[in-house]
Amino acid sequence: MPAAWLSAELAIQASYFVTAGLFILGLKRMSSPVTARSGILWAGAGMLVATLITFLYPGMSNYELILPAMLVGGVLAWWSGKRVAMTNMPQMIALYNGMGGGAAAAIAAVELYRGAASGYVTDSLAVAGGIIGAVSFAGSAIAFGKLQGLITRSIRFGGQQLLNLLILAAALALGVLVAGRIDAAPAAVTGLFVLALVLGVAMTLPIGGADMPVVISLYNALTGLAVGLEGFVLNNAAMIIAGTVVGSAGTLLTQLMAKAMNRSLGNVLFSGFGDTGGAATGEVSGSLKPIEAADVGVMLAFASKVIVVPGYGMAVAQAQHKIWELCQLLIDRGVNVRFAIHPVAGRMPGHMNVLLAEAGVPYDLISDLEEINAEFDTADVALIIGANDVVNPVARTDKSSPIYGMPILNADKAKNVIVIKRGKGAGFSGIENALFYLDNTRMLYGDAQKVGAELIQAVKAVG
Amino acid sequence: MPAAWLSAELAIQASYFVTAGLFILGLKRMSSPVTARSGILWAGAGMLVATLITFLYPGMSNYELILPAMLVGGVLAWWSGKRVAMTNMPQMIALYNGMGGGAAAAIAAVELYRGAASGYVTDSLAVAGGIIGAVSFAGSAIAFGKLQGLITRSIRFGGQQLLNLLILAAALALGVLVAGRIDAAPAAVTGLFVLALVLGVAMTLPIGGADMPVVISLYNALTGLAVGLEGFVLNNAAMIIAGTVVGSAGTLLTQLMAKAMNRSLGNVLFSGFGDTGGAATGEVSGSLKPIEAADVGVMLAFASKVIVVPGYGMAVAQAQHKIWELCQLLIDRGVNVRFAIHPVAGRMPGHMNVLLAEAGVPYDLISDLEEINAEFDTADVALIIGANDVVNPVARTDKSSPIYGMPILNADKAKNVIVIKRGKGAGFSGIENALFYLDNTRMLYGDAQKVGAELIQAVKAVG
Amino acid sequence: MTGMVALYIFMLAAFTGYEVIARVPVILHTPLMSGSNFVHGIVLVGAMVALGAAHTPLEKIIGFLGVLLAAGNAVGGYVVTERMLEMFKASGQGAKRRAPGAETH
Amino acid sequence: MTGMVALYIFMLAAFTGYEVIARVPVILHTPLMSGSNFVHGIVLVGAMVALGAAHTPLEKIIGFLGVLLAAGNAVGGYVVTERMLEMFKASGQGAKRRAPGAETH
Ligand SMILES: NC(=O)c1ccc[n+]([C@@H]2O[C@H](COP(=O)([O-])OP(=O)(O)OC[C@H]3O[C@@H](n4cnc5c(N)ncnc54)[C@H](OP(=O)(O)O)[C@@H]3O)[C@@H](O)[C@H]2O)c1
Ligand SMILES: NC(=O)c1ccc[n+]([C@@H]2O[C@H](COP(=O)([O-])OP(=O)(O)OC[C@H]3O[C@@H](n4cnc5c(N)ncnc54)[C@H](OP(=O)(O)O)[C@@H]3O)[C@@H](O)[C@H]2O)c1
């Protein structure tokens, strides 16, 4: 039935075209807060269309394998995606992204083992996509392991970058052998993928957990590129466009993220700064002055303006709900409460916004750095909850400090500063915080969630 | 020599690829003030590469015609482009744009007369590009004529839109005959183009001169589209990409321009508002109070802050150099002088910025609407030079006014308002201006250039 | 598809991807990373085709893994992105206020 | 080039064009209109090819006109755009100040 064949082919091509358009529009919408939510719906519709129409692919067999594979992968991902806590999002994204890279590598492997590709160029693209996909697969798995706390040590040694370079060179050499049809034996293909997987692991192990969001974004871009390359191999337009668009958008996003953290990409990949090693510790004189929750409760209850500065500590303590409950009490008492969000507070971009949104804090109480910084000197209390680096005045003054030059929240300008943290733990950068030693600063020690509950009691006790 | 042939073909394809990339990067750079100037250089380099390499096109003949045609067209355009005054830019752009449309139509005509195209689809694309190109050619010519003052009347009659629709339908019908190979006789092809040219004229004649920038931008987008379509016909990638990119960018730009003027595109094309017909004239009570140049000179010389509001009248009088001379005198006396630019002051987008830049006014003295509006109440004098609608307070209050809702410059908030204009002439919208009748307003009658010279004398006389 | 056309598509898609997200605010970095992660889940259709054409047991095993992983990428990417962006909805008005210039499209 | 590929190129080029100028400030409207007018002057290469393949006198006349017009578009478009943008140079610093966000690229 050539006619039916032709019409199936046409339907597939047309659907892929629509899918590509929906993906682009979806990404566009996702990049603006007003339309972001509809963006994922558009992209999702595109994915649905493309997946369903692919069952019509002429001459396809093995449905008895395809359907179970889709079912198993899909159900597991659905289940895990629904359950994961908001704070664990980065590693979950890493996991799903790695799966995509693995799939691209699998496509390359099938094509290369089969010897199905139709020429040097196509073979080269298959090899390139395969290597990139496998690196992204293994690297994302390591990133997941680190963020999930399964891998706690960052393995580093002299000459590490050189070793990685050698692995890469070996993989490329094998790739030339395979794509150039000099030695396309299954063993060569297998060796190629093994080397690529090793490279992914070796590249990612030395990078500290806190730098992972940037690295995950990079692997995300790489997976996109791999998918695009395999799309050329399979002559699949939807894969070509979607993969290339993500490869390009992901590269830009990686740069933007690194920039928002005041880092360069090279620095993230090759310097291993992302561990709280406490390398640089500046000298700060003065003493830490503790305070009790009951006293802070009174201070807050009778303040006219309170600015809350949440940080990484609030995230790990999952204290956002308690803090919002506290703030609601204050608002009911007529206190003017604001939240000040530093762009890199927490451990992933937009971390604090996501958490506060989850707890139900209305957006108009949340201000970013530029908006709020002029207001600190009109605040009676700056309530620092598990934040450290983002309020460290050293960033303004000490040129030798690793955070020098980063814009910070001017919490030190408030009449009173209350800092909630568990003890003397340093922040992400591992340096001392001069703010804690100021005359108008008091330390309220304890886990942010526990302290939050105590403060609620204290404010209620004021009556 | 198949080898030489192949390498020429490859060189051409590679060059076109580079050209397409340079065009896109060039346009991107042109859309930001910081990089705008380099943008045209990049795009120009792309054009040069593509033009030179095209001489290598395999199997090309008629060089004895190609070179003179390029020379004549190029030299005339160079000469006219170098000479044209800044204020006449819109019509010049219209002219060059029309030439591009004409060229696209010429390509379509050659291909259709030759019957060279290779199928229904290609023929349809040639016809579509030909019609669009011819409409753009004729329409741009009319736009040029109107702005240049060669055509002064806007011909309008009932059923005009219906007639245009009929012409379009007839052109499309002939197009179907030609592309469908039902009647591809030269006569049908000729008829097609004649109808398209008539349509371009008929569409543009009723549109008023002041709306022309938007219309020219629309024809610019249409020419881009026509070029892209003919690119598909000739299988020429540089034309396809460049044409489509301009078609899309031009469409967006047209919308942005219409929006900046507070109009909708449909309104511009079909309503004929763009003439200063004086249709709506609101009732304003009070009297116009004239003043002498000598008195204004004293007032300016002893002011501490003066805000200059230039408008269309300054452009027609070419008074920007005189005004800047005057302002320099004032600055030397210690007066704080600022220029307030309304987004639609003048008759083309960015008109005032271009003129002031030409006269050498430094950018930091120039402020746009949002920046300056809060400052008028601290100004001793608001000096209105040939501006009218952009300072008409009626836009804030009178719902029935055609400019209601347009944000205006708050010149009425200044301590003294001096209005330089020739007489009782209305502005673009044809309505009375309540500002002129305020207690603190004085009218300084005369051509802006002449008055500028008088004011310079008057300030110098103050000593 | 000829090599030249492939290059053009590559270039244009890259420009498009770059420009489309060029203005993303910091608060959307993580959801957008997740969203673009979902988009390359389209690798699923390629994996389906590859498995659909597999013959030897080895090819079938790899193909099976490919489809499984790709389905995980697509479904998981969708679920987490949707969950994150869902939260932006609740504060719609506020979000609007915080995005000047977003209305220029 | 197959029809489908042509459609893809068309779609991607249209997205690119749209996004590339999406943030243009009002003061650049006229120069950008002129600049994009210059870019479609690339019709010159098509006109050259068309005239280069013309045989009958009619074709030659039309082709000659086409090349002449196209050259006018390209050269004229370049000259006036360059002249307009030249003036923005003189006030470089000020221009920078007036374009917040321009440095994000
Ligand atoms: N946002 C991102 O995308 C991102 C990504 C990577 C890196 N970073 C970096 O991360 C840093 C973020 O700064 P930040 O101020 O948010 O955090 P931070 O500087 O890392 O400080 C967090 C503080 O919270 C305290 N803390 C930890 N657990 C706590 C708990 N359960 N209850 C109460 N307090 C607790 C810690 O002190 P104790 O141990 O004494 O309690 C610590 O000093 C910046 O340096 C930024 O560059 C950000
Ligand atoms: N910028 C754009 O892209 C664009 C495009 C199309 C339309 N528009 C529209 O154009 C208007 C622009 O407002 P505008 O305030 O700049 O100008 P306007 O409202 O058109 O007013 C110009 C004034 O200048 C005076 N004038 C004319 N020639 C003069 C001369 N030689 N010397 C001194 N004065 C002279 C006229 O009064 P006398 O006759 O009494 O001298 C007239 O009242 C807006 O309504 C806008 O919507 C703008």
Side-chain angles (χ1 to χ4, degrees), chain B residues 23 27-28 30-34 36-37 40 43-44 50 54 60 62 65-66 69-70 72-74 77-78 81 92-93 96-97 99-100 102-104 106-107 109-110 217 220 223-224 227 230 234 236 238-239 241-242 244-246 248-250 252 257 260 343 348-350 353 357-358 363-364, chain D residues 6 9-10 13-14 16-18 20-21 24 26-30 32-37 39-52 54 59-60 62-82 85 87-89 91 94-96 99 102:
Chain B
F23 279 167
L27 280 177
K28 185 175 160 59
M30 272 187 255
S31 68
S32 154
V34 188
R37 196 161 167 275
I40 183 67
T54 301
M60 203 149 88
N62 293 335
L65 292 175
I66 294 178
M70 283 178 73
V72 173
W78 181 276
M92 227 47 207
I93 298 172
Y96 300 138
N97 174 57
M99 294 172 91
I107 293 173
V110 171
S217 177
N220 181 38
T223 303
V227 171
E230 298 307 329
L234 298 177
N236 183 314
M239 280 170 73
I241 310 279
T244 311
V245 166
V246 170
S248 156
L252 174 60
M257 282 169 74
M348 68 183 193
N353 298 71
E358 192 196 10
Y363 252 84
D364 44 328
Chain D
I9 294 216
F10 187 78
T16 304
Y18 186 96
V20 150
I21 69 145
V24 62
V26 173
I27 62 162
L28 282 177
H29 280 181
T30 299
L32 187 64
M33 175 163 85
S34 176
S36 56
N37 168 44
V39 165
H40 65 53
I42 192 67
V43 71
L44 177 57
V45 304
M48 286 168 71
V49 171
L51 176 53
E59 288 165 22
K60 286 188 185 173
I62 303 178
F64 185 88
L65 277 178
V67 173
L68 192 150
L69 291 172
N73 180 0
V75 174
Y78 184 84
V79 171
V80 297
T81 309
E82 220 269 331
L85 290 177
M87 297 188 315
F88 283 89
K89 176 187 143 209
S91 38
K96 217 166 241 155

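Given the structure is predicted, the values throughout are model-derived calculations rather than measurements. Below, chains carry the letters A, B, ... as their sequence lines are ordered, and counting in each starts from 1.
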* Asked: What's the spacing between B:Leu27 CG and D:Ile21 CD1 if we round to 0.5 Å?
  -> 8.0 Å
* Structure fact -> Smallest heavy-atom separation, D:Val39 atom then B:Ala43 atom, equals CG2-CB, 4.3 Å
* CZ of D:Phe64: more than 12 outside heavy atoms within 6.0 angstrom? -> yes
* Best-contacting candidate, D:Val67, D:Ile62, D:Val24, D:Val45, against chain B by heavy atom pairs under 4.5 angstrom -> D:Val45
* List in chain and number order the residues that pass side chain to side chain donor-acceptor pair (under 3.5 Å) with B:Asn220, two or more places apart in sequence or in another chain; answer none if no residue qualifies. => D:Ser36, D:His40
* Structure fact -> Of B:Ala109, B:Ala238, B:Gly81, B:Gly102, the largest count of non-hydrogen pairs under 4.5 angstrom with chain D goes to B:Gly81
* Asked: Heavy atoms, side chains only, cut-off 4.5 Å: are D:Val43 and B:Glu230 in contact?
  -> no
* **Contact summary for D:Ala71 and B:Ala69, nearest pair of heavy atoms** => CB-O, 4.5 Å
* To do: Mind listing the closest non-hydrogen atom pair of D:Ala13 and B:Ile241 along with its distance?
  => CB-O, 4.4 Å
* Output yes when a side-chain donor or acceptor of B:Ser248 lies under 3.5 Å from a complementary backbone atom of D:Ala14, and no otherwise. => yes
* Stepwise side chain to side chain contact (heavy atoms under 4.5 Å, CB included) check, D:Thr30 with B:Ile93 -> CA-CA 9 Å; D:Thr30 299; B:Ile93 298 172; 4.1 Å; yes
* Asked: Roughly how far, to the nearest 0.5 Å, is CD of D:Glu59 from CG of B:Asn62?
  -> 9.5 Å
* **Contacting region of D:Thr16 [heavy-atom separation from chain B under 4.5 Å]** => side chain
* Asked: Do the side chains of B:Met70 and D:Leu44 get nearer than 4.5 Å, heavy atoms only?
  -> yes
* Asked: Taking all non-hydrogen atoms of both residues, which atom of B:Ala77 and which atom of D:Gly76 are closest, and how far apart?
  -> CB-N, 3.5 Å
* chain D: which of B:Ala106, B:Ala249, B:Gly224 shares the most heavy-atom pairs with it under 4.5 Å? -> B:Ala249
* What's the spacing between D:Leu85 CG and B:Met30 CE if we round to 0.5 Å? -> 7.0 Å
* Under 3.5 Å, side chain of B:Asn97 to main-chain N/O of D:Asn37, donor-acceptor pair present? -> no
* Quick one: which residue pairs count as a salt bridge (Lys or Arg N to Asp or Glu O under 4.0 Å) with a foot in residues 68-82 of chain D, not counting sequence neighbours? => B:Arg37-D:Glu82
* To do: For D:Val75 and B:Gly74, work out which heavy atoms get closest and say how close.
  => CG1-O, 3.3 Å
* Structure fact -> Residues B:Ala103 and D:Leu69: closest non-hydrogen pair is N-CD1, 4.0 Å
* State, yes or no, whether a side-chain contact exists between B:Val227 and D:Ile42 at a heavy-atom distance under 4.5 Å. => yes
* Reported CG-to-OG distance for the pair D:Leu32 and B:Ser217, which is rounded to 0.5 angstrom -> 8.5 Å
* To do: Would you check if the side chain of B:Ser31 reaches a backbone N or O of D:Val20 as a donor-acceptor pair within less than 3.5 Å?
  => yes
* Between B:Leu65 and chain D, which part of the residue has a heavy atom less than 4.5 Å away: side chain, backbone, both or neither? -> both
